Engineer: 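Before I ask anything, let me first share the structure, which is written out below as structure tokens.
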Amino acid sequence: MRAKKNLENALKAIINELGLNWSEKIVIEPPKDKKFGDLAVNVALVLSKEAQKNPRALAELFAEKLRAHDADITGIEIAGPGFLNIRYSNAFWQNTVPLVRGQGASFGSSAHGAGLKVLLEYVSANPTGPLHIGHGRGAAIGDTLARVMRCAGYNVHTEYYINDAGRQMRLLGTSIWLRLKELAKKPVDWPEDWYRGEYIIDLAQDVMTRHPDIFSKPEEESVDICFEYGVNSIMDGIRQDLADFRVEHQQWFSEKSLVAGGAVEAAFKRLQASGYSFEQDGALWFRTTELGDDKDRVLRKSDGYLTYFASDIAYHNDKYERGFDLLIDVWGADHHGYIPRMRAAVNALGRKAESFDVVLVQLVNLLKEGKPVSMSTRAGQFETLADVLKEVGADAARFMFMSRKSDSPLDFDLDLVKQRSMDNPVYYVQYAHARICAIQRKAADQGIALPGELAPEDLALLVEDQELELMRLMDRLPETVANAAAALAPHHISYYLTELAGALHSYYSAVQVLNAPEKRLASARLGLLAAVAQTLRNGLDLLGVSAPETM
RNA sequence: GCGCCAGUAGCUCAGCCGGAUAGAGCAACUGCCUUCUAAGCAGUAGGCCGGGGGUUCGAUUCCUCCCUGGCGCGCCA
């Protein structure tokens with residue numbers, strides 16, 4: 001980050017001096033191959049198209065000015081069409097060590113998000129059964145994204161929307177009630193649509209214990225009792241599962257409360273005012289086709305019940321009215337068809353299109369010994385998130401979920417995730433941290449103290465290739481976090497960590513720390529390792545993964 | 001039929017707001033444990049970046065058409 005910012009500022013000054021225009025297209029990044037230098041930039045982009053055909057002269061001019069501008073730049077190579085390969089001095093990189101150690105747990109953070117108020121909604125699974133592995137992926141992505149965005153300077157609020165109104169909920173109440181009747185050996189007429197899972201029987205049993213007199217009440221009231229108990233009990237389970245997975249929501253937002261509070265009617269009025277709603281066949285419709293959807297959508301059905309869409313519009317309207325600048329929803333990819341109508345709603349509510357974004361999370365294929373495991377809730381046959389966590393642990397599961405971008409399907413092989421090998425990069429990264437801790441313990445045993453702030457002449461001893469590589473990588477954490485936040489792509493963090501861990505392992509094998517030829521060198525290296533451990537911890541913490549001291 | 005997502009090394013995947021010789025892990029092969037944890041390291045080999053066309057000085061990246069796979073297309077949520 002420091003390197004990138006430095007170079008960017010220098011380039012801006014020079015471009016300004018030359019009377020040219022800075023272009024957002026000017027990307028400063030690590031070169032594809034380390035032998036090219038520390039950073040690469042293409043300055044040809046500030047030129048007109050015509051001039052870009054011969055960018056060499058300009059590149060030379062920039063090179064000359066950069067050398068004069070920044071004493072930390074020790075090497076500039078002109079390559080390719082307008083490429084400058086920049087090399088920073090060792091001293092520049094060595095300063096990363098005190099920087100990281102000075103910032104400690106906050107190293108990696110930046111002001112990139114400028115305090116933008118973001119509402120991040122994730123999981124929001126219907127309380128009709130326990131969370132399964134697919135919900136787990138959404139949970140891991142949502143929670144990690146929240147951590148990453150906060151670290152990048154966004155003001156993030158996280159929510160779980162509880163769909164405790166509507167048809168599926170009536171179905172839950174009925175399902176429990178029918179199981180209850182079955183338990184009481186009463187005749188049962190099974191409908192086509194009901195929840196068959198074993199947990200429904202458990203719930204029915206609980207209701208029976210708590211309400212022994214339930215059969216003496218009117219059936220409607222009994223179903224209500226079943227529903228109330230079922231929702232609360234299942235939500236308690238969901239909260240517990242998420243807590244075990246280290247997934248946090250700051251707020252649990254009830255759809256029922258939204259409807260009861262009149263928010264839906266208020267949203268309807270807004271749509272009416274903008275002229276997008278109409279009545280037809282006894283139902284209230286929203287003309288989403290005028291806003292890019294392929295069909296108009298029903299808001300209130302002819303039977304008087306609200307659609308899910310209706311209360312969802314009200315919910316999003318409520319989010320805006322609470323003052324959020326950006327709404328991000330994490331959805332399962334099977335809901336992607338829902339996006340156009342939600343965008344239509346955002347538009348009709350008079351909000352900017354960019355203020356609403358969706359992170360689509362593709363399916364998880366749960367595998368056991370290479371064979372798929374079914375996860376249908378209604379068929380009552382699924383591997384719950386809780387079961388998976390019990391089997392592989394939260395660390396391995398969270399890292400696995402962060403090992404792919406969200407919109408590609410993920411095979412989650414239980415046997416693989418349990419494996420303690422490089423098939424399973426979480427151990428690779430954690431092991432790097434544990435190795436540093438082992439050295440630190442050994443140092444303490446030998447009476448070698450972890451140095452405080454290293455003097456410049458001590459830092460200057462850190463000149464091995466692997467040492468400089470570690471410093472360059474550490475310097476990249478803040479921009480990696482900022483990029484991951486801006487792109488809503490939290491998986492970048494796990495790739496970064498794997499790279500940093502690789503550099504550490506490489507260093508560990510090549511260079512002796514405690515057995516270094518000189519005491520001062522050993523001490524300097526301990527200082528470096530303390531910084532690397534800090535960086536690993538900070539990165540792992542963004543993923544919600546622990547950084548063990550021994551393994 | 002329409003829409004969304006994907007197609008990159010034998011396998012699992014990064015990269016994609018256009019830029020250098022396309023990267024990583026696994027699997028394969030060769031080496032490295034009397035030295036701080038071998039859950040590791042060093043190295044070799046492995047690619048019409050699904051296919052055709054287009055835009056461009058330059059395309060894995062953008063546009064378009066095809067092919068293949070997944071997922072959606074309710075007065076369900």
Side-chain angles (χ1 to χ4, degrees), chain A residues 24-25 27 31-33 35-36 40 42 44-45 49-50 52-55 79-83 85 124-126 128 163 165-169 171 193 255 280-285 294-295 297-309 311-312 332-340 360 362-363 365 403-411 413 416 419-432 434-443 445-446 448 486-487 491-492 494-495 498-499 501-502 504-516 522 525-526 529 550-551:
Chain A
E24 288 307 321
K25 284 185 165 183
V27 179
K32 298 221 162 148
D33 194 317
K35 75 187 175 203
F36 291 133
N42 184 352
L45 294 164
K49 278 198 163 186
E50 198 48 41
Q52 277 177 32
K53 287 179 183 173
N54 183 15
F83 271 95
N85 291 320
S124 299
N126 289 349
T128 56
N163 303 127
R167 198 183 80 93
Q168 302 281 350
M169 287 302 100
L171 216 55
D193 226 6
E255 177 185 6
Q280 191 182 304
D281 305 328
L284 180 66
W285 293 72
D294 54 356
K295 279 175 198 164
R297 306 292 173 177
V298 171
L299 296 170
R300 190 193 294 112
K301 295 181 271 180
S302 48
D303 64 7
Y305 281 105
L306 293 171
T307 61
Y308 173 82
F309 183 41
S311 45
D312 213 18
D334 53 342
H335 288 67
H336 70 254
Y338 194 74
I339 295 176
L360 280 182
Q362 281 287 351
L363 288 188
N365 301 309
S403 68
R404 303 246 184 306
K405 60 181 173 195
S406 66
D407 52 8
S408 75
L410 171 72
D411 284 342
D413 191 317
L416 207 81
Q419 244 175 59
R420 306 182 149 208
S421 72
M422 252 319 285
D423 284 327
N424 198 358
V426 64
Y427 292 109
Y428 186 76
V429 177
Q430 290 182 318
Y431 186 43
R435 272 184 145 174
I436 294 174
C437 293
I439 293 180
Q440 290 174 338
R441 279 191 299 273
K442 202 102 180 176
D445 287 349
Q446 295 179 11
I448 306 171
H491 69 283
H492 287 318
S494 67
Y495 281 87
T498 307
E499 206 179 339
L504 185 277
H505 289 309
S506 190
Y507 179 58
Y508 184 93
S509 307
V511 175
Q512 289 289 309
V513 175
L514 299 179
N515 305 328
R525 286 178 176 168
L526 274 176
L529 287 187
T550 57
M551 285 177 76

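Here is how names work: the chains are called A, B, and so on, in the same order as the sequence lines, proteins then strands, and each is numbered from 1. Values reported hereafter were calculated over all heavy atoms of this structure, with side chains retained and with hydrogens, waters and symmetry mates removed. The structure displayed is predicted, hence computed values, not measured ones.
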Engineer: Spell out, as yes or no, whether a donor-acceptor pair under 3.5 Å connects the side chain of A:Thr498 to the backbone of A:Ser494.
Structural biologist: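 A pair under 3.5 Å: yes.
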Engineer: C1' atom, B:C29 versus B:A22: distance in rounded Å?
Structural biologist: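 Each nucleotide's C1' atom is 24 Å from the other's.
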Engineer: So, does A:Ser509 get its side chain near the phosphate of B:A42, meaning an N or O under 4.0 Å from OP1 or OP2?
Structural biologist: no
Engineer: Take atom P in B:C57 and the same atom in B:G70, then report the distance between them in whole Å.
Structural biologist: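 Their P atoms lie roughly 41 Å apart.
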Engineer: Please pick, from B:A77, B:G70, B:C36, the nucleotide with the shortest atom-to-atom distance to any side-chain atom of A:Gln362.
Structural biologist: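 That would be B:G70.
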Engineer: Using 4.0 Å as the upper bound for N to carboxylate O, is an ion pair formed by A:Asp303 and A:Arg300?
Structural biologist: no
Engineer: Side-chain donor or acceptor of A:His335 under 3.5 Å from a matching atom on the base of B:G72?
Structural biologist: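 Check fails, no donor-acceptor contact within cut-off.
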Engineer: From the list B:C4, B:C36, B:G15, which nucleotide is the closest neighbour of the side chain of A:Leu360?
Structural biologist: B:C4
Engineer: Using modelled atom types only, decide if a donor and an acceptor are shared between the side chain of A:Asn126 and the backbone of A:Thr128 within a distance under 3.5 Å.
Structural biologist: no
Engineer: Is the distance from OP1 or OP2 of B:G72 to the nearest side-chain N or O of A:Lys295 less than 4.0 Å?
Structural biologist: no
Engineer: A:Tyr495 has a side chain; which of B:A77, B:U37, B:A14 sits nearest to it?
Structural biologist: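 Nearest to the side-chain atoms of A:Tyr495, counting from C-beta on, is B:A14.
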Engineer: Looking at A:Asn424 and B:A39, is any side-chain donor or acceptor paired with a base atom of the opposite kind under 3.5 Å?
Structural biologist: no
Engineer: Side chain of A:His505 only, heavy atoms from C-beta on: which candidate in B:A39, B:C41, B:C75 is closest?
Structural biologist: B:C41
Engineer: Tell me the interatomic distance from A:Asn126, atom CG, to B:A77, atom P, rounded to whole angstroms.
Structural biologist: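 My rounded result for the distance is 9 Å.
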Engineer: Calculate the interatomic distance between A:Leu504 atom CG and B:C41 atom C1'; express it in whole Å.
Structural biologist: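 Between C1' of B:C41 and CG of A:Leu504: 12 Å.
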Engineer: Backbone N or O of A:Arg404 within a donor-acceptor pair of the A:Ser408 side chain at under 3.5 Å?
Structural biologist: no
Engineer: So, does A:His491 get its side chain near the phosphate of B:G15, meaning an N or O under 4.0 Å from OP1 or OP2?
Structural biologist: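 Answer is yes, contact under 4.0 Å.
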Engineer: Kindly point out which of B:A77, B:C5, B:C4 is positioned nearest to the side chain of A:His336?
Structural biologist: B:C4
Engineer: Under 30°, 30 to 60°, or over 60°: which ring-plane class applies to A:Tyr338 and A:Tyr308, parallel, tilted or perpendicular?
Structural biologist: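 The arrangement is tilted - the two ring planes meet at 30° to 60°.
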Engineer: Mind checking the P distance from B:C36 to B:U60? Whole angstroms is fine.
Structural biologist: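 Their P atoms lie roughly 48 Å apart.
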Engineer: Is any side-chain heavy atom of A:Lys405 closer than 4.5 Å to a side-chain heavy atom of A:His492?
Structural biologist: no
Engineer: Using every non-hydrogen atom in the two residues, find where A:Ala522 and A:Ala516 come nearest and quote the distance to one decimal.
Structural biologist: N-CB, 3.9 Å
Engineer: For a quick check of understanding: with a heavy-atom distance under 4.0 Å over all strands, which category does A:Ala432 fall into, base, sugar-phosphate or nothing?
Structural biologist: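 No contact.
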Engineer: As a test of the definition: with a 90° window around 0 for syn, would you call B:C67 syn or anti?
Structural biologist: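 B:C67: anti.
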Engineer: Less than 4.0 angstrom between a side-chain N/O of A:Arg167 and OP1 or OP2 of B:G74, yes or no?
Structural biologist: no
Engineer: Under 4.0 angstrom, heavy atoms only, what part of the nucleic acid is A:Tyr508 near: base, sugar-phosphate, or nothing?
Structural biologist: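 Base: the residue A:Tyr508, judged by heavy atoms under 4.0 Å, touches a nucleobase.
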Engineer: Going by the rule side chain to side chain donor-acceptor pair (under 3.5 Å), which residues pair with A:Asp445 if we only count those two or more places apart in sequence or in a different chain?
Structural biologist: none
Engineer: Calculate the interatomic distance between A:Asp334 atom CG and B:C4 atom P; express it in whole Å.
Structural biologist: 17 Å
Engineer: Which part of the nucleic acid does A:Val429 contact within heavy-atom distance under 4.0 Å: base, sugar-phosphate only, or nothing?
Structural biologist: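 Touches nothing.
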Engineer: For A:Leu410 and B:C5, what is the distance between atoms CG and C1' respectively, to the nearest whole Å?
Structural biologist: 15 Å
Engineer: Want to settle it: does A:Val298 or A:Asn85 sit nearer the 5' end of RNA chain B, counting the closest nucleotide to each?
Structural biologist: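 The residue whose closest nucleotide sits nearer the 5' end is A:Asn85.
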Engineer: Contact class for A:Tyr338 (heavy atom, under 4.0 Å): base, sugar-phosphate, or nothing?
Structural biologist: base
Engineer: Rounded to the nearest angstrom, tell me the gap between atom CG in A:Asp411 and atom P in B:G7.
Structural biologist: 14 Å
Engineer: Taking any heavy-atom pair under 4.0 Å as a contact, classify A:Leu284: base, sugar-phosphate, or nothing.
Structural biologist: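 Nothing, no nucleic acid heavy atom in range.
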Engineer: When you check the phosphate oxygens OP1 and OP2 of B:A39, does a side-chain N or O of A:Tyr431 lie under 4.0 Å from one of them?
Structural biologist: yes
Engineer: So which nucleotide from B:C75, B:U35, B:A38 ends up closest to the side chain of A:Arg435?
Structural biologist: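 Among the listed nucleotides, the one closest to the side chain of A:Arg435 is B:A38.
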Engineer: Classify the side-chain pair A:Glu255/A:Ser311 by whether it contains a donor and acceptor separated by less than 3.5 Å.
Structural biologist: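 Yes, side-chain donor-acceptor contact under 3.5 Å.
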Engineer: Using a heavy-atom cut-off of under 4.0 Å over every strand shown, decide if A:Ala434 touches base, sugar-phosphate, or nothing.
Structural biologist: base
Engineer: Taking atom P of B:A39 as reference, at what distance in whole Å does atom CG of A:Leu416 sit?
Structural biologist: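 Taking atom P of B:A39 as the reference, CG of A:Leu416 is at 18 Å.
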Engineer: Salt bridge check, A:Asp281 against A:Lys301: does any charged N sit closer than 4.0 Å to a carboxylate O?
Structural biologist: no
Engineer: Using the C1' atom as the point on both nucleotides, what is the distance between B:G72 and B:C66, in whole Å?
Structural biologist: 22 Å
Engineer: Pick the nucleotide of RNA chain B nearest each of A:Ser408 and A:Gln512; which residue has the one closer to the 5' end?
Structural biologist: A:Ser408
Engineer: What distance, rounded to whole Å, do you find between the two P atoms, one in B:C65 and one in B:G58?
Structural biologist: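 23 Å, rounded to whole Å.
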Engineer: Please report the distance, rounded to the nearest Å, between CE in A:Met551 and P in B:U37.
Structural biologist: 14 Å
Engineer: Give a yes/no on whether any side-chain N or O of A:Tyr428 is located under 4.0 angstrom from OP1 or OP2 of B:C41.
Structural biologist: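 Looking at the OP1 and OP2 atoms of B:C41, one of them is under 4.0 Å from a side-chain N or O of A:Tyr428.
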Engineer: Take atom P in B:U12 and the same atom in B:G69, then report the distance between them in whole Å.
Structural biologist: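 My reading of the P atoms in B:U12 and B:G69 gives 16 Å.
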Engineer: Report the distance from atom NZ of A:Lys405 to atom C1' of B:A24, rounded to the nearest whole Å.
Structural biologist: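 Rounding to the nearest Å, NZ of A:Lys405 and C1' of B:A24 are 15 Å apart.
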Engineer: Could you spell out the base pairing of RNA chain B as a dot-bracket line? Use Watson-Crick and G-U wobble contacts where both distances are under 3.5 Å, [ ] for crossing pairs, | for partners on a different strand.
Structural biologist: (((((((..((((.....[...)))).(((((.......))))).....(((((..]....))))))))))))....
Engineer: Examine the base of B:C75 for any acceptor or donor lying under 3.5 Å from a partner atom in the side chain of A:Ser302, and report the outcome as yes or no.
Structural biologist: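 It does, because a donor-acceptor pair links the side chain of A:Ser302 to the base of B:C75 below 3.5 Å.
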Engineer: Mind checking A:Asp312 for me? I need base, sugar-phosphate or nothing, with any heavy atom below 4.0 Å counting as a touch.
Structural biologist: nothing
